[in-house]
Structure formats: structure tokens, C-alpha cells
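Taking it in order: structure first as C-alpha cells, then the write-up.
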Amino acid sequence: MPELPEVETTVRGIRAALEGRTIVDAWFDFANGLATPDPTTFHARITGQTVREVTRRAKYIVIHLTDATLLIHLKMTGRVYVVPDDAEDYADQWVHFRFQLDNAQQLRFSDSRKFGRVYLVDDMDEVTGSLGPEPLSDEFTLDVFREAIRKRSGIIKALLLNQEFVAGVGNIYADEALHMAHIRPKRTADTLTDKEIEDLWNGIRTVLQAGIEREGASINWYRKPDGTKGTAQNGLLAYGRTGESCKTCGIGIIEKITVGQRGTHYCPSCQR
DNA sequence: CGGACAACCTGGCGGC
DNA sequence: TGCCGCCAGGTTGTCC
């Protein structure tokens with residue numbers, strides 16, 4: 001489910017309810033969901049810590065505590081939300097982690113497929129250290145992107161999904177960025193012209209920014225922390241539009257193929 | 001470096 | 001209605 005725009009929307013949605021609160025207890029029922037540390041250490045350590053700040057790095061929710069950092073990765077079906085202790089939510093049926101706050105509210109982590117992971121570490125770099133640049137940051141300049149592309153030879157879509165190359169792009173926004181840049185997903189990085197690299201750099205930033213402005217794409221599982229849907233799915237031009245007419249050129253019909261084991265959508269007419 | 005593939009899990013949907 | 005196979009927004013590890 002969640003890519004950079006969905007995680008950013010989630011972070012913005014839980015920030016106010018978490019910052020300044022103290023975690024007084026923690027509960028979970030799926031041990032594999034706790035990546036680190038071991039359950040006993042986790043419970044003992046997180047209890048009593050206060051939330052200083054809530055941020056995002058790539059697709060990770062980063063909760064900075066008094067003396068540690070809690071990271072949550074939503075993977076495909078994760079949702080997090082903060083609600084009163086006695087509140088009931090549709091997604092509760094898949095809740096595997098609860099963090100009890102000091103104001104009779106809980107941070108809940110729901111995840112039907114159980115792919116999501118929780119980390120409690122001294123330094124977030126232990127988890128996020130190998131990630132590539134944040135595509136919407138000032139550091140991610142066209143020059144930086146061009147130089148990085150020039151060192152690569154692999155299939156461009158797979159490269160966009162490689163979190164060590166660019167952090168936060170997932171299957172939806174990779175397809176959308178390539179569509180916007182008129183580049184076929186199976187092209188290899190070493191065939192891209194300078195113009196195409198620039199268009200792709202623009203495309204990545206544009207589709208991610210648009211995704212944030214629309215508060216994420218709710219195609220299937222993703223919901224904002226308040227339980228409602230984002231609207232980015234309404235603005236997609238390639239992803240999920242198999243068999244439909246291309247809105248960009250008005251000529252092609254969107255095709256679906258497989259690239260690197262992922263469903264991939266593109267217009268054979270205007271993506272070359 | 002890179003590509004193919006299996007694993008991790010469950011739910012929803014289309015087809016028969 | 002029921003069952004079956006397939007698909008899914010992500011990542012990691014293995015093998016070649």
C-alpha cells in the first residue's frame with residue numbers, strides 16, 4: 001500500500017496526537033512484527049518514553065522518543081491511527097501493536113497481511129542508513145539524479161523501486177513518473193538521454209508532490225489516520241488503468257506487463 | 001552489479 | 001453459494 005505520499009499523509013495525521021505524549025505501556029500479538037529488539041527489552045525500554053517528534057524517512061514513520069527511536073514500516077497493508085482507549089475502529093480486527101499513551105489514547109498499528117515491521121533503536125540510521133536520497137528534498141537535485149543514473153545499467157523501473165537509489169518511490173508512483181516522462185518501464189538506465197533523465201527527475205517529484213497534496217492513493221487498503229480515503233487514485237494516469245484510453249496522448253490504450261515481478265502499467269503510444 | 005525467484009501473510013475478487 | 005486461483009501499494013535473501 002503505502003508509498004512516500006501515503007506515509008507522509010499518515011505522519012501528518014498522527015503528529016499532533018503524539019508529540020509531547022508519554023508511552024506508558026505497549027502490547028503486541030505478532031512477534032515477527034517486531035524487528036528489533038527482543039520483546040522483553042522492547043517493552044521495558046519503550047515504557048516511560050516521551051514522544052519528542054514524529055517525522056518520515058522514505059516509507060518509514062519515525063517516532064523520536066526521549067531516549068530511543070521507534071520506526072514503523074507499513075509495508076503493503078499497514079495503517080496507524082491514534083484513538084481514545086475505548087474507541088472501536090474497523091481496522092482494529094487486524095491490530096497487532098498498541099501503544100498506550102498517558103492521556104487515555106492509543107496509537108494502534110493495524111496490518112492484515114502482517115508484513116509491517118516495528119523497530120526500536122538507539123539511532124535511526126541502524127534502519128534507514130542505507131537508503132537513498134529523499135526525492136523531495138533540496139539535496140535531490142537534477143545533477144545528483146543524473147550522476148546516479150549514469151552509474152547504472154539496469155531496467156529503469158526496477159531502479160526507481162530500489163530504495164537505495166531513491167527512497168520512497170513505490171509501484172504506483174514509479175509507473176506514474178515514467179508515464180509523465182514518456183519513458184517505457186523496460187528501458188535500461190544507460191539508454192536514457194539527458195532530456196529523458198530531466199523529465200524523469202521532474203516526473204518523480206511532480207507525482208509524489210501531487211500524491212501528498214491529494215493525501216495518498218486509496219486504491220485498496222490505504223486509509224488516512226482518520227479512516228477516510230485519500231484522493232490520489234483519482235488522478236492516476238497509468239497505474240491501474242489497464243485497457244483504458246491514455247489520458248495523456250488520447251491515442252494509446254494502457255497496457256499491463258510485468259517488470260521485476262511487479263505489475264507495470266504504461267502507454268505504448270506515448271511512452272517510448 | 002543485476003536479474004530471476006521464493007518467502008513472508010491475508011483478504012478481496014473474478015470465474016466456474 | 002462455495003471453492004479455487006490469482007492478485008495486491010513492499011522488502012529481503014538466495015542463487016546464478
Side-chain angles (χ1 to χ4, degrees), chain A residues 1-10 28-36 56-61 71-80 90-97 109-119 126-132 148-179 185-191 207-208 210-212 214-224 229-236 238-243 256-265:
Chain A
M1 139 180 99
E3 307 179 29
L4 188 155
E6 289 73 32
V7 179
E8 178 63 27
T9 302
T10 296
F28 63 93
D29 72 350
F30 179 60
N32 284 349
L34 180 62
T36 187
R56 178 192 60 74
R57 173 73 172 106
K59 301 174 191 171
Y60 290 88
I61 297 165
L71 296 99
I72 300 175
H73 198 301
L74 303 174
K75 291 288 176 78
M76 301 284 267
T77 56
R79 294 184 198 177
V80 299
Y90 172 73
D92 287 347
Q93 59 191 307
W94 305 293
V95 162
H96 299 297
F97 282 80
F109 177 18
S110 165
D111 183 15
S112 76
R113 278 181 83 176
K114 298 182 177 176
F115 282 179
R117 292 293 180 268
V118 171
Y119 309 74
E126 295 169 40
V127 180
T128 62
S130 60
L131 293 171
I149 285 271
R150 287 296 179 223
K151 292 175 184 164
R152 299 294 191 132
S153 60
I155 294 167
I156 189 61
K157 173 162 177 182
L159 197 52
L160 295 182
L161 294 179
N162 180 344
Q163 301 299 296
E164 297 182 6
F165 183 71
V166 200
V169 177
N171 206 35
I172 294 177
Y173 296 98
D175 280 2
E176 294 299 304
L178 288 165
H179 180 79
K186 280 191 167 176
R187 289 273 299 280
T188 53
D190 51 12
T191 68
V207 299
L208 291 176
I212 291 173
R214 288 169 176 258
E215 299 183 293
S218 291
I219 291 167
N220 199 341
W221 286 90
Y222 170 73
R223 293 295 183 278
K224 291 159 26 181
K229 295 183 177 185
T231 60
Q233 66 278 11
N234 301 326
L236 301 180
Y239 185 88
R241 299 195 66 251
T242 313
K256 183 176 180 184
I257 59 174
T258 297
V259 179
Q261 303 178 89
R262 311 302 301 278
T264 298
H265 315 70

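Naming: A, B, ... by sequence-line order, numbering from 1 per chain.
- Closest approach to the A:Lys256 side chain among B:dG2, C:dA8, C:dT11 is made by C:dA8 (side chain taken as heavy atoms from C-beta onward).
- Residue pairs meeting the salt bridge (Lys or Arg N to Asp or Glu O under 4.0 Å) criterion with at least one partner in residues 152-169 of chain A, sequence neighbours excluded, are A:Lys157-A:Asp175.
- Here, C:dC6 and B:dC5 have their P atoms 16 Å apart, quoted to the whole Å.
- Nearest to the side chain of A:Lys59, among C:dT11, B:dC1, B:dG12, sits C:dT11.
- Between A:Asp111 and A:Gly116 the shortest heavy-atom distance is OD2-N, 2.6 Å.
- A gap of 26 Å separates the P atoms of C:dC3 and B:dC8, to the nearest Å.
- If you measure from atom CD of A:Gln163 to atom P of C:dT12, you get 9 Å, rounded to the nearest angstrom.
- One N or O on the side chain of A:Ser218 and one on the backbone of A:Gly230 form a donor-acceptor pair closer than 3.5 Å.
- Remark: A:Ser112, A:Arg113, A:Lys114, A:Phe115 in residues 110-117 of chain A come within less than 4.0 Å of DNA chain B through at least one heavy atom.
- A:Arg79 places no side-chain N or O within donor-acceptor distance of the main-chain N or O of A:Val95, the cut-off being under 3.5 Å.
- Checking C:dG10, B:dG11, B:dC1 against every side-chain atom of A:Trp94, the shortest atom distance belongs to B:dG11.
- Distance alone, capped at 3.5 Å, places no donor-acceptor pair between the A:His73 side chain and the A:Leu71 backbone.
- Panel note: side chain A:Ser153, backbone A:Asp190; no donor-acceptor pair is recorded below 3.5 Å.
- Between A:Leu4 atom CG and C:dG10 atom C1' the separation is 14 Å, expressed in whole Å.
- A close approach under 4.0 Å does not occur between any side-chain nitrogen or oxygen of A:Asn32 and OP1 or OP2 of B:dC8.
- Remark: A:His265 pairs with A:Tyr239 by the ring-ring contact (aromatic ring centres under 6.0 Å, His included) rule, at least two apart or across chains.
- Ring pair A:His96/A:Phe30 is tilted by interplanar angle, where 30° to 60° counts as tilted.
- Of the candidates C:dT11, C:dA8, B:dG12, the closest approach to any side-chain atom of A:His73 belongs to C:dT11.
- Residue contacts for A:Thr188: at a heavy-atom cut-off of 4.0 Å it reaches no nucleic acid atom on any strand shown.
- Side chain of A:Arg262 to main chain of A:Ala158: no donor-acceptor pair is present (N/O by atom type, distance under 3.5 Å, no hydrogens or angles).
- Remark: P of C:dA8 and CD of A:Glu3 are 13 Å apart, rounded to the nearest angstrom.
- Comparing the P positions of B:dC9 and C:dC4 gives a spacing of 22 Å, expressed to the nearest Å.
- When each of A:Thr128, A:Thr36, A:Leu34, A:Ile72 is checked for a side-chain contact (heavy atoms from CB on, under 4.5 Å) with A:Tyr119, only A:Thr36 meets the rule.
- Across the protein-nucleic acid pair, A:Phe30 atom CZ and B:dT10 atom C1' stand 11 Å apart, rounded to whole Å.
- Taking a pair as Watson-Crick or G-U wobble with both distances under 3.5 Å, DNA chain B forms stems of 3 or more consecutive pairs at B:2-8 with C:10-16, B:10-16 with C:2-8.
- Of the candidates C:dA8, B:dC1, B:dG11, the closest approach to any side-chain atom of A:Tyr239 belongs to C:dA8.
- Taking the side chain of A:Asn171 as heavy atoms from C-beta on, and the options C:dG10, B:dG2, B:dG3, the nearest nucleotide is C:dG10.
- Distance from the side chain of A:Arg262 is smallest to C:dG10 among C:dG10, B:dG3, B:dG2.
- For A:Phe165, there are no ring-ring contact (aromatic ring centres under 6.0 Å, His included) partners, not counting sequence neighbours.
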With the criterion being N/O to N/O and under 3.5 Å, what pairs connect the protein with nucleotides 5-7 of chain B, and how long is each?
residue : atom : partner  : partner atom : Å
B:dC5   : N4   : A:Gln261 : NE2          : 3.3
B:dA6   : N7   : A:Gln261 : OE1          : 3.3

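- The CZ-C1' distance, from A:Arg223 to B:dG11, rounds to 13 Å in whole Å.
- When the nucleotides B:dG2, B:dG3, B:dG11 are ranked by their closest atom to the side chain of A:Ile155, B:dG3 comes out on top.
- Of the listed nucleotides (B:dC1, B:dC9, B:dG12), B:dG12 has the atom at the smallest distance from the side chain of A:Trp221.
- Remark: P of B:dC9 and CG of A:Asp29 are 13 Å apart, rounded to the nearest angstrom.
- Across all their heavy atoms, A:Pro5 and A:Gly211 have their closest contact at CB-C, 3.5 Å.
- When only modelled atom types and interatomic distance are considered, A:Tyr222 and A:Glu3 share no side-chain donor-acceptor pair under 3.5 Å.
- Between the OH atom of A:Tyr173 and the P atom of C:dG10 there is a distance of 11 Å, rounded to whole Å.
- Between the P atom of C:dG10 and the OH atom of A:Tyr119 lies a distance of 15 Å, rounded to the nearest Å.
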